[in-house]
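Heads up, the thing below is written out as structure tokens.
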Amino acid sequence: MQAKYKEIVEEIKTQLVSGSLSTGSKLPSIRNLSEKFGCSKNTVVKAYNELEKEHLIYSVPKSGYYVVNELHRFAGTDNVIDFLSAGPDKDSMPYIEFQHCINQAIDLYKEELFTYSEQQGLYSLRVQLVNYLQTLQVFTNPDRLFIVSGSQQALNLLVSMPFPNGKSNILIEQPTYFGFIESATLHQATTFGIELTMEGIDLERLEYIFRNNDIKFFYIVPRFQNPLGHSYTNNEKKKIVELAEKYDVYLVEDDFLGDLDPDSKSDPLFSYAPFGRVIYIKSFSKIFLPGLRVAMVVLPKLMISNFSRYKFSSDFNSSVLSQGALEIYLKSGMLNGHIKRIKDVYQHKMQLLQEACECYLPAETSFSRPTSGFYLTIFLPNTVMAKQVINLLKEKDVYVDDATRMFLPEYKNDHMLRLSISQVNESQIKLGVKQIASCITFISSRKYRVTPQNLLRF
């Protein structure tokens, strides 16, 4: 049965690649295939179920099975090594389970789909999220929690709105998430930077900036920071909260990968100031489904009314269907199971990446060593520019990111590569790092000639 089942799957995939089966084509009936392959109908059903799980076919009750998409669209991509994409691992996403949740949400919230929902988000979802946050050591209540259309919306609103401390300037780690820099730039906010390395930040420097620069809030990613992968210790987080209290500075904590932390004793900043100093943001884009466009913000009571006004002017309310589906997914306990699975996936990938970097990168380079998360940064020699390496790697179908856009102009660094492990295949990590090392060595040896064409690319 096992051999026949695999044979049927491979036969259909071959037809998809060749084009003899195209989008919308109806597949042979179960009876016809069982006769053709000399197997039971259960074997054919097992093969079709496997193809459904891969989203290559779908079933129509009392009609049969049909082709969803053409496999040949993806042919040739096996050679691509993707250290660039930062979405979640596609093979680990619970598509089928969440599809059931969406269908249930349509039935449960069909009335709300034709009206505007609660401004802060569905109350029933906020109750579920409060319970979920407790596993991350964030203890709050539904009244302080807002549902937003992704964490980027929350960051953009916080940049633009006034804060209770009456201050106007913003402090950010350097480097940091480029989306936040873009929001600050568009709103013409005065933004200061503080250098971050894998050893952390200079706390004396932080106190000086808090004391002298009218800081409204400090945007900080305490765990698995983008792009370094850095995480603060609990002692450092506690000290940062104490300094914020002392100088009346708010902390905007972006804990987008906190679920992946293998250290059960690692706490969020929020746990050290639960009543109002820390604004806690949690997104589901990296650990779950980016297209869901649901994130949450836990706000100080003083800021709820004002945030509500700014949120209303942005989009009235977030998608009811996404909220309803997420509520059902949380209530079922499926999210906890999903997180347990992906923690192992990302931690293993990160370990493989660091082992490859240790083994193959030239001696004059260095790299960050996060315990998990998505991101690792390679620090290049001063004679090698990131764009040079990136352009050479593209020719080899290896894709990495340039960290330049993650800096304020005065902190600009052209010698850093950001690698994301989220969508790269495990089997390709070692080869990808070998290619990166080869390009760095090639450029360092001055064999890389700067031509007019190269200058245009730089």
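Values below: all heavy atoms of this structure, side chains included; hydrogens, waters and symmetry mates excluded.
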Reported CD-to-CD1 distance for the pair E207 and I209, which is rounded to 0.5 angstrom: 11.0 Å
Whether F180 and Y219 hold their rings parallel, tilted or perpendicular, with breakpoints at 30° and 60°: parallel
Derivation and outcome, salt bridge (Lys or Arg N to Asp or Glu O under 4.0 Å), residues D267 and K237: CA-CA 8 Å; D267 295 322; K237 285 179 272 194; over 6 Å; no
Straight-line distance of E236 CD to I201 CD1, nearest 0.5 Å: 7.5 Å
Side chains of E327 and S124, donor plus acceptor under 3.5 Å: yes
Sole candidate of Q354, K349, Q347, E355 that passes side chain to side chain donor-acceptor pair (under 3.5 Å) when paired with Q351: E355
For D259, all residues meeting salt bridge (Lys or Arg N to Asp or Glu O under 4.0 Å), sequence neighbours excluded: K282
OG on S366 to CG on L380, rounded to 0.5 Å: 9.0 Å
Pairwise distance CG(D402) to CG(L417) - rounded to 0.5 angstrom: 7.5 Å
Gap between atom OG1 of T190 and atom CG of N213 - 0.5 Å precision: 10.0 Å
Quiz item: cation-pi between R277 and Y250, 6.0 Å / 45°: yes
Gap separating the OG1 atom of T377 from the CG atom of L419, nearest 0.5 angstrom: 8.0 Å
Residue pair A154 / I281: nearest heavy atoms and the distance that separates them: CB-CD1, 4.1 Å
